[in-house]
Amino acid sequence: MTLIPDLASILAFVIAFAIFLYVVMDGFDLGVALLFPFFPKPQDRDVIMNTVAPVWDGNETWLVLGGGAVFAAFPLAYAVLMPALYAPIIAMLLGLVFRGVAFEFRWRTKRGQFLWDIAFTGGSLVAALGQGIALGTVLQGITVEGRAYAGGWWDWLTPFTMLTGAAVVVGYAALGATWLILKTTGDLRDRAYALAPGLVIATLGAIALVSAVTPFLEGAYWQNWFAWPRILLVAPVPLAVVGVAILLFRMLAARRDGWPFVLMLTLFGLCFVGLGVSIFPFIVPGAITIYQAAAPEISQRFILVGVSILIPIILAYTAYAYWVFRGKIDIDAGYH
């Protein structure tokens with residue numbers, strides 16, 4: 001197999017970019033569903049759902065692109081990771097399906113609407129937990145023998161994966177609260193403002209806990225963060241997290257509607273950079289690098305041409321959708 005490290009690195013970056021866009025774009029609409037219990041009025045819930053109704057299904061395009069690209073560009077990694085992640089991935093997909101069905105069906109009934117509201121929140125919670133647990137499973141290391149997964153069915157269930165699952169849930173909820181601040185008015189926006197600081201504090205606490213534990217999971221993680229002089233290059237990442245957090249609290253206190261959402265996206269981006277610092281160049285931490293897992297050169301080139309065409313198209317129609325449905329939601333005029 002002929003491997004071109006530069007090409008493999010480009011494809012890894014493209015896949016990471018697609019996954020990041022999925023996390024932040026589907027993250028806020030999962031987040032608003034997680035906040036449903038704090039908004040018991042049916043009218044408020046209708047407005048909340050209308051903030052994401054025009055874009056929620058398009059957001060999941062990035063999940064399909066990222067997952068398909070991993071399978072095509074890094075087939076060995078896909079073959080090793082999937083058996084280790086079957087349980088959380090299946091739970092995530094079922095949660096997304098149930099959430100999608102509930103999203104549409106709750107508009108068709110009044111008597112049973114509360115049941116679909118529960119399904120909407122429950123499906124979103126399961127999906128968010130599944131994503132966080134999958135992330136934690138990859139970070140904590142996967143047992144590999146030769147070119148195959150050698151662990152057990154329950155290896156994904158550890159205290160660390162529960163921590164990462166909870167971190168993703170609270171992070172999505174905080175992102176959802178800032179989205180509601182951006183898109184709503186009146187009492188609904190005021191309650192989102194009231195919820196946001198606590199959720200941001202919980203998110204920062206979860207980031208701190210995960211960051212404190214991660215370097216001790218793999219020797220390579222410690223080296224990537226603390227080896228000299230590499231520490232000089234990566235130290236700006238946690239410092240930037242602190243700076244963004246301070247600015248985020250200031251914007252919440254000043255009630256600047258647009259900035260909290262932008263700063264939460266920035267916080268997620270910095271966490272993603274930190275994740276990259278920890279694991280690069282591994283795609284299966286401690287076992288398989290992106291260069292060892294990469295497809296043959298001709299396949300890499302073919303995939304790169306494909307994503308070079310698809311990504312600009314997806315970005316264009318996504319940006320257009322958000323532009324068309326920009327601004328605050330009118331309580332009296334819904335999407336459905």
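Treat the numbers as computed from the prediction; the structure is a model and nothing was measured. Values below: every heavy atom of this structure, side chains too, minus hydrogens, waters and symmetry copies.
- Applying the side chain to side chain donor-acceptor pair (under 3.5 Å) test to E218 and every residue at least two apart in sequence or in another chain returns nothing.
- Applying the under-4.5 Å side-chain rule to Ile, Leu, Val, Met, Phe, Trp and Tyr, the cluster around L115 extends to F114, I118.
- Taking all atoms of both residues into account, the shortest heavy-atom contact from P83 to Y149 is CB-CD2, 3.7 Å.
- Using a 4.5 Å heavy-atom threshold, the side chains of I288 and F74 count as separate.
- Tracing side-chain contacts under 4.5 Å through hydrophobic residues (I, L, V, M, F, W, Y), one never reaches V234 starting from I207; they form parts of separate clusters.
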request  = Would you sort out whether V52 and F103 count as a side-chain contact (heavy atoms from CB on, under 4.5 Å), showing the intermediate values?
outcome  = CA-CA 10 Å; V52 298; F103 194 105; 3.8 Å; yes
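- Residues L65 and Y22 fail the side-chain proximity criterion, which asks for heavy atoms closer than 4.5 Å.
- The closest donor-acceptor contact from the side chain of T121 to the backbone of A33 lies under 3.5 Å.
- Residues passing the salt bridge (Lys or Arg N to Asp or Glu O under 4.0 Å) test with D46, sequence neighbours excluded: R106.
- There is no path of hydrophobic side-chain contacts, each under 4.5 Å, that joins V273 to F280.
- L239 belongs to no hydrophobic cluster, as no Ile, Leu, Val, Met, Phe, Trp or Tyr side chain comes under 4.5 Å of its own.
- With Q140 contributing its side chain and D155 its backbone, the two residues share a donor-acceptor pair below 3.5 Å.
- Using a 4.5 Å cut-off on side-chain heavy atoms (C-beta onward), I142 and P285 make no contact.
- Here the side chains of T61 and M25 are not in contact, with every heavy-atom distance at 4.5 Å or above.
- The list of ring pair (Phe, Tyr, Trp, His ring centres under 6.0 Å) pairs with a residue in residues 191-216, not counting sequence neighbours, reads F216-W222.
- When hydrophobic residues (I, L, V, M, F, W, Y) are linked wherever their side-chain heavy atoms come within less than 4.5 Å, the members clustered with V213 are L135, L139, F160, L163, L209, V210, L217, Y221, L275, I279.
- Connection of I290 to L81 is established within a shared hydrophobic cluster, with ILVMFWY side chains joined at heavy-atom distances below 4.5 Å, either directly or through further cluster members.
- Side-chain contact check for W116 versus V101: some heavy-atom pair is nearer than 4.5 Å.
- Listed by chain and residue number, F20, V23, V24, Y172, L175, M264 satisfy the side-chain contact (heavy atoms from CB on, under 4.5 Å) test with F268 (two or more places apart in sequence, or in another chain).
- With sequence neighbours excluded, no residue satisfies side chain to side chain donor-acceptor pair (under 3.5 Å) with R230.
- Within 6.0 Å of CZ on F105 lie no more than 12 heavy atoms contributed by other residues, nucleotides or ligands.
- Remark: A87 pairs with W153, W156 by the side-chain contact (heavy atoms from CB on, under 4.5 Å) rule, at least two apart or across chains.
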message = Would M49 and F36 count as a side-chain contact (heavy atoms from CB on, under 4.5 Å) here? Give the steps.
response = CA-CA 10 Å; M49 296 196 79; F36 253 39; 3.5 Å; yes
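- A pairwise comparison of heavy atoms in P40 and R191 identifies CD-NH1, 4.4 Å as the closest pair.
- For R189, the side chain to side chain donor-acceptor pair (under 3.5 Å) test picks out D257, with sequence neighbours left out.
- I246 shares a hydrophobic cluster with V242; the chain of contacts runs through ILVMFWY side chains whose heavy atoms sit under 4.5 Å apart.
- The aromatic rings of F28 and Y322 stand perpendicular to each other, their planes meeting at an angle above 60°, with 30° marking the opposite boundary.
- Counting only distance, with no hydrogens or angles, the side chain of R326 and the backbone of W323 share a donor-acceptor pair below 3.5 Å.
- Here the shortest heavy-atom pairing between L35 and A173 reads CD1-O, 3.8 Å.
- Nearest heavy atom pair, residue L34 against residue V169, reads CD1-O, 3.6 Å.
- In summary, of the residues considered (L96, D26, I19), a side chain to side chain contact (heavy atoms under 4.5 Å, CB included) with L63 occurs for L96 alone.
- Side-chain N or O atoms of N224 include one that pairs as donor or acceptor with a backbone N or O of V277 at under 3.5 Å.
- In this structure a side-chain-to-backbone donor-acceptor pair under 3.5 Å is present from K328 to T184.
- Of the inter-residue distances, the one linking K183 atom NZ with N50 atom CG reads 10.5 Å to the nearest 0.5 angstrom.
- Contacts of W62 classified as side chain to side chain donor-acceptor pair (under 3.5 Å), with partners at least two apart in sequence or in another chain: none.
- The two residues P42 and Q113 have their closest heavy-atom pair at CB-OE1, 4.3 Å.
- Residues I231 and W228 are in side-chain contact: their nearest non-hydrogen atoms beyond the backbone lie under 4.5 Å apart.
- Heavy atoms only, all atoms of each residue included: P312 and V307 are closest at CD-O, 3.9 Å.
- Going from atom CG of N59 over to atom OG1 of T318 covers 7.5 Å, rounded to the nearest 0.5 Å.
- Put simply, CD1 on I181 and CG on L252 are 5.5 Å apart, with the number rounded to the nearest 0.5 Å.
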